[in-house]
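When a residue number appears, it is its place in the shown sequence, counting from 1.
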Amino acid sequence: MEKQNVTEFVFTGLFESKKTELLLFFLFLLCYMAVLMGNSIIFLTVSCSHLLEQPMYYFLCHLSLMDLCSTSIVVPQLIRNLVTTRRDISYDNCMTQLFTYHWLAGVEIFILVCMAFDRYVAIVKPLHYMMIMNRERCHMLIAVAWGIGFWHSIALLLIVLNLPFCGPNVIDHYMCDVKPLLRLVCKDIHVVSILVIANSGTVVVAIFTVLLVSYVLILYNLRTRSSAGRRKALSTCSSHMMVVVLFFVPCIYIYILPAGGKNKDKEISVFYTVIGPMLNPLIYTLRNKEMKIAMGKVWWRMSNSR
């Protein structure tokens, strides 16, 4: 391993303009509060109601937890950096952020796959739904999600830990992510870029393709349903597809392209680090009558228990 002189990194931030930073501070603070409030409401509503017994809401509860945790790893630091003059992070903390965020993002990706599988079974094999999506299998799928997320993240971390950073140490981003870090490596990164694309980009494209195919099959099988059944199924599936598109399309743009190019990575990454987690609660509640009723019951129960 080559000599490494860098002990800390400095972020450039989202936009290198002092005039917009105060406005962005309040904007991202409001967004983060919305993420915390929206996902906490979903997590508490599902956890404290009968909805937790249903696989779809069981996975939604875990998705909200992932959104809460992943945004809390990135956004508080982004908000702090908008109002401080020194935007530094130690090498160890940078590697920790890289590992933790990718672990949670990996778990979230597999949870979205689980949710698609749940809808597929519910619509294509309704008579076998309760047998296939039993509680033991749901627990197993969540455990697998954590395992897959861990191995994806540890592989990415091991790639970065073996790279020499000799300076400069300025990360053109607002978080420690693999592509902006690769631009700071003081050796040829051609092979490493291919490994990163294989670890993240290719996997994201493959999963997104599988999800699209699953929804095509769902739509095909809905032809035989009644108009009321079609409307209910389409309402649930369209909400899930919106979440999938918000998460996967920006990820594909960022991780399928090589690290050397000048891309809009940090601007595009806002979609899956901030905007997606903020909109997910709205997408899943505004069009979901069952969630609204459960939220009302939980709120009424909490009010009466005081």
Side-chain angles (χ1 to χ4, degrees), residues 30-72 104 107-124 126 129-130 132-135 137-139 141-142 145 211 214-215 218-219 222 225-248 271-272 274-306:
L30 287 172
C31 287
Y32 185 51
M33 289 170 66
V35 170
L36 293 179
M37 188 169 66
N39 286 287
S40 295
I41 287 170
I42 285 188
F43 182 78
L44 288 171
T45 300
V46 176
S47 300
C48 302
S49 70
H50 68 284
L51 293 180
L52 191 62
E53 298 166 11
Q54 300 181 40
M56 182 176 76
Y57 294 105
Y58 173 80
F59 292 129
L60 178 59
C61 183
H62 283 275
L63 182 71
S64 294
L65 182 62
M66 290 304 102
D67 281 340
L68 279 169
C69 295
S70 61
T71 46
S72 295
L104 295 173
V107 176
E108 184 162 344
I109 285 172
F110 197 79
I111 288 173
L112 290 171
V113 173
C114 293
M115 293 173 81
F117 177 65
D118 172 73
R119 290 302 85 205
Y120 175 82
V121 175
I123 292 165
V124 178
Y129 178 71
M130 293 311 296
I132 295 171
M133 298 304 295
N134 56 57
R135 185 41 54 101
R137 183 163 280 118
C138 290
H139 288 326
L141 288 170
I142 291 296
L211 290 173
S214 72
Y215 279 99
I218 287 170
L219 291 172
L222 284 175
R225 296 294 179 88
S226 64
S227 57
R230 274 201 301 270
R231 275 197 303 272
K232 186 178 179 182
L234 284 171
S235 176
T236 306
C237 293
S238 61
S239 297
H240 186 242
M241 274 309 298
M242 278 190 274
V243 172
V244 166
V245 169
L246 269 173
F247 188 90
F248 278 89
F271 281 95
Y272 61 82
V274 183
I275 296 173
M278 182 180 67
L279 294 180
N280 286 356
L282 294 175
I283 291 169
Y284 280 115
T285 54
L286 289 179
R287 303 176 65 186
N288 192 318
K289 189 178 178 181
E290 210 170 6
M291 271 294 294
K292 290 177 187 175
I293 293 168
M295 283 167 65
K297 287 180 179 178
V298 170
W299 180 260
W300 181 82
R301 203 184 316 146
M302 288 173 69
S303 300
N304 286 346
S305 64
R306 289 175 184 175

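For Tyr120, the side chain to side chain donor-acceptor pair (under 3.5 Å) criterion is met by no residue, not counting sequence neighbours. Residues satisfying the side chain to side chain donor-acceptor pair (under 3.5 Å) test with Tyr57, not counting sequence neighbours, are Asn288, Glu290. For His50, the ring-ring contact (aromatic ring centres under 6.0 Å, His included) criterion is met by no residue, not counting sequence neighbours. Not a single side chain to side chain donor-acceptor pair (under 3.5 Å) links Ser47 to another residue, sequence neighbours left out. The ring-ring contact (aromatic ring centres under 6.0 Å, His included) test applied to Phe247 returns no partner, not counting sequence neighbours. By the side chain to side chain donor-acceptor pair (under 3.5 Å) test, Ser238 is found to be paired with Arg287, residues two or more places apart in sequence or in another chain being considered. Here Leu282 pairs with Leu279, Leu286 under the side-chain contact (heavy atoms from CB on, under 4.5 Å) rule; sequence neighbours left out. With sequence neighbours excluded, no residue forms a ring-ring contact (aromatic ring centres under 6.0 Å, His included) with Phe110. Annotation: side-chain contact (heavy atoms from CB on, under 4.5 Å) contacts of Leu211 (sequence neighbours excluded): Val113, Ala116, Ile207, Val244, Phe248. Residues that satisfy the side-chain contact (heavy atoms from CB on, under 4.5 Å) test with Ile132, not counting sequence neighbours, are Phe117, Val121, Lys125, His128, Arg137.
Sorted by first then second residue, the side-chain hydrogen bond (donor to acceptor under 3.5 Å, both in side chains) pairs that include residues 59-70, not counting sequence neighbours, are Asp67-Asn280. Each side-chain hydrogen bond (donor to acceptor under 3.5 Å, both in side chains) pair with one or both residues in residues 109-119, not counting sequence neighbours, appears once here: Asp118-Tyr129.
Residues Ile42 and Pro281 approach most closely at CD1-CA, 3.3 Å, considering heavy atoms. Minimum heavy-atom separation, Pro55 to Met133: CG-O, 3.5 Å. Of all the heavy atoms in Met115 and His240, the pair that sits closest is CB-NE2, 3.4 Å. In plain terms, the two heavy atoms of Tyr272 and Leu246 that are nearest each other are CB-O, 4.5 Å. When every heavy atom of Ser72 is checked against every heavy atom of Leu36, the shortest pair comes out as OG-CD2, 4.1 Å. Of all heavy-atom pairs spanning Ser239 and Ile283, the tightest one is O-CG2, 3.3 Å.
Expressed to the nearest 0.5 Å, how far SG of Cys138 lies from CZ of Arg135 amounts to 5.5 Å. To the nearest 0.5 Å, atoms NZ (Lys297) and OG1 (Thr45) are separated by 12.5 Å. Residue Leu65 holds its CG atom at 8.0 Å from CD1 of Ile111, rounded to the nearest 0.5 Å. Atom-to-atom distance recorded for Leu68:CG and Leu63:CG is 10.0 Å, nearest 0.5 angstrom. The distance from atom CD1 of Ile293 to atom OG of Ser49, rounded to the nearest 0.5 Å, is 11.0 Å.
Using bins of under 30°, 30° to 60° and over 60° for the plane-to-plane angle, the ring pair His139/Tyr58 lands in the perpendicular bin.
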For this session: Might you work through the side-chain contact (heavy atoms from CB on, under 4.5 Å) test for Tyr32 and Met278, ending with a clear yes or no?
Result: CA-CA 8 Å; Tyr32 185 51; Met278 182 180 67; over 6 Å; no
For this session: Tell me, with the steps shown, if Val274 and Thr71 meet side-chain contact (heavy atoms from CB on, under 4.5 Å).
Result: CA-CA 7 Å; Val274 183; Thr71 46; 5.8 Å; no
Problem set entry | From CA spacing to verdict: side-chain contact (heavy atoms from CB on, under 4.5 Å), Val46, Met291 | CA-CA 8 Å; Val46 176; Met291 271 294 294; 4.1 Å; yes
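Counting non-hydrogen atoms of neighbouring residues, nucleotides and ligands closer than 6.0 angstrom, the OH atom of Tyr215 exceeds 12 such neighbours.
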